[in-house]
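For ligands, and for the atoms within them, numbers begin at 1 and follow the listed sequence. Every value quoted in this text rests on a predicted model; they were computed, and no experiment measured them.
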Amino acid sequence: MTRARVLVMNSALGPLDYRVPQGMQVEPGSIVVAPLGPRQLAGVVWEADRMPSDAEVGDNRLRPLLGVSDSPPIPAPVRRLVEWTANYYLSPPVSVLAMALRTSAAFESAPTITEYRATGLVPERLTPQREQALERIGDRQGLVRELATVADVSEAVIRGLVKVGAIEAVVVDTDSPYPLPDPNFAPPDLSPEQAGAASILRQSVGAEQFQTFLLDGVTGSGKTEVYFEAVAAALASGKQTLVLLPEIALTEPFLTRFAKRFGCEPVAWHSGLRTSQRRRAWRAIASGEAMVTVGARSALFLPYPNLGLIVVDEAHETSFKQEDGVHYHARDVAVMRGYFEECPVILASATPAIETRHQVELGRYEELKLPVRFGTAEMPRIEAIDLIAEPPERGRWLSPRLVKALEETLARGEQSLLFLNRRGYAPLTLCRHCGHRFQCPNCTAWMVEHRLIRRLSCHHCGHTEQTPEICPECQSEDTLVACGPGVERIADEVAALFPDARSAVVTSDTIWSPARAAEFVSRMEHCEIDIVIGTQLVTKGYHFPNLTLVGVIDADLGLDGGDLRASERTFQQIMQVSGRAGRGEKPGTVYIQTHAPDAQVMRALVSGDADSFYAAETEARRDAGAPPFGRYAAIIVSSEDKAAAEEVARMIGRSAPQRDEMHVYGPAPAPLAMLRGRHRFRLLIHARRAFDVQDMIREWLGGLNWSARVRVAVDVDPYSFV
Ligand code: ADP
Ligand code: ZN
Ligand code: ZN
């Protein structure tokens with residue numbers, strides 16, 4: 001090649017052409033350094049015919065490329081995936097490509113990185129800041145910047161500690177190899193149902209063709225063991241595997257479990273990695289050496305050169321949908337990646353999404369069912385508690401029947417889990433005297449009281465304030481009251497009811513690192529905890545054989561807000577949390593506290609009749625033309641200047657194309673009318689399934705202009721309507 005089209009890493013720019021200087025070897029996918037004005041930018045060489053350029057420049061006016069990385073080129077299937085994702089989700093290709101290159105390792109070849117760690121030496125001059133730094137850093141290691149963040153001090157403090165010898169440099173080899181998982185390390189004896197599903201999956205891995213499976217098995221049926229057989233098949237044929245999990249918190253237990261089956265841990269990829277870990281993982285992935293990678297959705301775009309299998313675990317989870325930047329759904333993009341890679345994709349779930357079931361009905365996905373729990377474990381018994389007929393005592397949240405069940409479970413020496421999807425102590429604080437409510441200054445949201453840290457916190461933007469002693473409005477003392485429960489408040493109630501029980505609150509506030517998650521798992525396994533009070537963080541993945549009671553504190557919580565998936569999501573979430581009960585030899589019981597025991601979703605949960613619930617939900621979607629029978633796209637207009645946002649939203653609304661295949665609703669102020677200091681307006685497009693919404697939106701918005709103060713984001717197939 002003498003001329004190269006390059007996608008430079010700057011989302012404001014389209015692809016640019018460069019001259020390839022004599023002696024430089026590039027091909028499509030090569031990672032290069034290109035000049036742009038006085039600057040140097042990284043970029044990736046692209047097929048010119050797949051990426052039109054706005055400015056055709058003659059050969060003699062082209063600037064030469066400055067360098068090429070010795071990292072392997074971005075493989076063709078990844079390039080096709082970048083194009084598809086950018087096109088489908090209406091994003092600049094560079095923004096998608098950036099997810100494949102999210103480490104400096106892609107651009108520089110330095111095989112080492114210098115990290116820092118404490119030496120144990122206590123400096124003579126021990127300022128409070130230095131003391132705090134050394135205490136929080138403990139035995140952690142990382143870049144100066146990373147240690148400063150961990151310790152919540154400035155980088156200068158860390159550098160000062162280096163100077164006096166309290167912290168030392170260590171050189172980390174980012175090329176050190178990972179151990180190789182052994183497919184024959186500890187294979188399980190599969191039940192006949194498991195063996196049937198596993199053999200189909202093994203065969204499909206061997207066929208090296210694109211095919212999507214729905215592995216639909218009740219909680220505890222052994223879905224993980226079954227897809228591990230497919231991983232073993234990929235390992236045996238030298239192919240890479242990617243396993244996607246919905247949350248980082250699930251990574252740690254997964255690593256341990258994987259090591260039991262394959263003899264060593266897989267490579268982990270998620271936002272919690274240190275720079276050196278990220279570099280090492282990326283290099284191993286891109287070179288093809290990392291045989292199995294497990295990660296959150298961001299692992300999906302990495303440049304595996306030799307992918308033979310993709311697994312999406314808990315595939316129904318809505319956290320696979322990214323809500324900022326590129327608004328992609330990792331489950332759907334995973335299927336596309338399998339298509340471009342020509343490899344099978346396994347979607348595993350106990351409560352598959354209606355969209356996924358529909359693909360099975362259409363014959364596009366193959367369903368493999370595991371209808372019973374493994375071994376002697378039975379599905380738990382589920383009962384509803386009508387909060388109107390059997391209310392908790394005044395000022396309490398646990399109804400007498402649930403309290404009694406907790407008491408009995410404790411007496412038997414078994415464990416209980418109370419589920420409430422609300423962090424903190426109380427979702428709203430108000431002044432009893434003047435009625436003042438604490439609202440976030442940046443968002444249309446109440447401040448949530450967190451008693452453990454004595455702060456009010458906004459769960460949308462992260463703004464926090466000290467919980468005040470007096471009302472800021474009327475200056476009264478002792479008049480602030482907490483309204484409604486969060487997990488901390490339930491923990492208080494549990495402590496009052498059972499002073500001798502050992503309880504633990506499990507939320508993202510308490511389990512904020514993989515190490516904390518591992519510690520929690522170990523305490524549960526050693527029965528050092530009697531009662532867990534947790535948010536959705538504890539509903540998935542965990543396997544605690546001695547946990548026999550689950551109480552859902554407020555089953556109606558997810559039904560508020562009324563978005564189109566509210567019932568489905570409630571069903572999935574309660575089925576998941578119920579699935580934690582009775583996974584061992586002892587039977588489990590689940591109590592669902594609700595104000596609406598007659599609602600269809602509650603009746604379905606109690607009767608266990610998932611099929612008729614799904615059938616009714618699916619029909620309702622069909623009638624409404626909602627996904628998967630029709631489609632939505634949202635346009636979100638936001639600005640710090642409310643009038644500017646409103647004006648642009650109106651202009652977009654006024655210029656909406658008139659088409660029979662679709663209808664545009666709005667603009668209207670978003671339910672979250674202000675978020676992080678930005679005023680928000682929404683338009684919603686509802687269209688027939690076969691209609692090319694993306695093309696229409698591209699044309700529509702492409703013809704409009706707005707000031708830089710206003711941001712316009714498009715969310716194709718939205719999951720959030722706030
Ligand atoms: P799921 O993911 O479907 O909820 P898991 O794969 O977590 O189920 O399996 C539930 C439990 O049963 C796990 O502890 C798992 O190790 C165990 N298990 C499942 N299948 C087998 C098997 N064939 N042999 C031994 N243990 C199994
Ligand atoms: Zn007041
Ligand atoms: Zn806020």
Side-chain angles (χ1 to χ4, degrees), residues 186-198 215-229 231 243 245 250 253-254 256-261 311 313-316 346-352 368-380 429-448 456-465 468-481 521 525 539-547 575-585 672-678 680 722:
D189 285 326
L190 298 179
S191 71
E193 289 94 352
Q194 292 177 336
L215 181 57
D216 176 2
V218 298
T219 51
S221 58
K223 291 184 290 298
T224 317
E225 305 295 339
V226 169
Y227 75 65
F228 273 179
E229 293 309 294
V231 176
V243 180
L245 301 178
L250 295 175
F254 183 92
T256 316
R257 192 157 170 196
F258 186 93
K260 279 191 192 140
R261 168 68 179 84
V311 179
D313 205 350
E314 314 284 3
H316 60 278
I346 303 172
L347 309 180
S349 174
T351 51
L368 303 172
K369 279 199 175 227
L370 301 174
V372 292
R373 281 190 160 176
F374 175 74
T376 53
E378 302 265 329
M379 291 304 281
T429 306
L430 60 75
C431 170
R432 194 163 5 104
H433 182 242
C434 74
H436 175 76
R437 296 165 170 218
F438 288 82
Q439 192 179 346
C440 174
N442 312 318
C443 307
T444 317
W446 305 125
M447 299 288 282
V448 178
L456 299 173
S457 147
C458 171
H459 288 182
H460 293 284
C461 72
H463 172 82
T464 70
E465 308 172 352
E469 305 280 331
I470 56 169
C471 172
E473 190 68 30
C474 70
Q475 320 297 329
S476 317
E477 265 176 69
D478 294 329
T479 56
L480 300 182
V481 286
V521 169
E525 283 173 352
T539 61
K540 308 173 266 268
Y542 292 120
H543 180 76
F544 302 125
N546 198 39
L547 198 161
M575 281 303 280
Q576 283 293 332
V577 68
S578 303
R580 296 318 108 200
R583 291 171 73 93
E585 311 206 317
L672 248 174
M674 191 157 90
L675 179 63
R676 295 187 194 95
R678 300 179 72 86
R680 305 166 75 243
V722 293

Measure the [atom1]-[atom2] distance between [X] and [Y] for me, rounded to the nearest 0.5 Å.
{"X": "Arg680", "Y": "Leu672", "atom1": "CZ", "atom2": "CG", "value": "5.5 Å"}
{"X": "Thr219", "Y": "Leu370", "atom1": "OG1", "atom2": "CG", "value": "11.5 Å"}
{"X": "His459", "Y": "Cys461", "atom1": "NE2", "atom2": "SG", "value": "10.5 Å"}
{"X": "Arg257", "Y": "Thr224", "atom1": "CZ", "atom2": "OG1", "value": "4.0 Å"}

Legend entry - Enclosure of Glu585 CD (heavy-atom neighbours >12, cutoff 6.0 Å):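 Result for CD/Glu585: open.
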Legend entry - Crowding at CD, Glu378 (>12 non-hydrogen neighbours, <6.0 Å):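 At most 12 heavy atoms, drawn from other residues, nucleotides or ligands, come within 6.0 Å of this atom.
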Legend entry - Within the 4.0 Å heavy-atom sphere of ligand 1, strictly under, residues: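 Lining ligand 1 at under 4.0 Å, by heavy atoms, one finds Pro188, Asp189, Leu190, Gln194, Val218, Thr219, Gly220, Ser221, Gly222, Lys223, Thr224, Glu225, Arg257, Phe374, His543, Arg583.
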Inset, instruction - Please work out the angle at the Zn ion (ligand 2) defined by atom SG of Cys431 on one side and atom SG of Cys471 on the other, rounded to 10°. - result: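 Centred on the Zn ion (ligand 2), the SG/SG angle is 110° (to 10°).
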Inset, instruction - Taking Ser476 for its side chain and Thr479 for its backbone only, find out whether a donor-acceptor pair lies under 3.5 Å. - result: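 Answer holds: no.
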Legend entry - Main-chain N/O of Cys443 paired to Arg678 side chain as donor or acceptor, under 3.5 Å: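 Not at all, since once roles are kept as given, no pair shorter than 3.5 Å links the two residues.
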Inset, instruction - Output, by chain and residue number, all protein N/O/S atoms separated from the Zn ion (ligand 3) by less than 2.8 Å. - result: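 Those protein N, O or S atoms (cut-off: under 2.8 Å from the Zn ion (ligand 3)) are Cys440 SG, Cys443 SG, Cys458 SG, Cys461 SG.
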Inset, instruction - Answer yes or no for His433: is there an N/O/S atom below the 2.8 Å cut-off from the Zn ion (ligand 2)? - result: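 No, outside the cut-off.
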Legend entry - Contact flag His436/the Zn ion (ligand 2), N/O/S atoms, threshold under 2.8 Å: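 No.
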Inset, instruction - Assign the ring pair Phe254 / Tyr227 to parallel, tilted or perpendicular, where the plane angle (0 to 90°) is split at 30° and 60°. - result: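 Judged by the thresholds at 30° and 60°, the geometry between Phe254 and Tyr227 is parallel.
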Inset, instruction - Describe, in one word, how the ring planes of Phe438 and His436 are oriented to each other, choosing from parallel (under 30°), tilted (30 to 60°) and perpendicular (over 60°). - result: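 Ring orientation, 0 to 90° scale: perpendicular.
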Legend entry - Over all atoms of both residues, closest heavy-atom pair of Met447 and Cys440: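 Looks like SD-CA, 3.6 Å.
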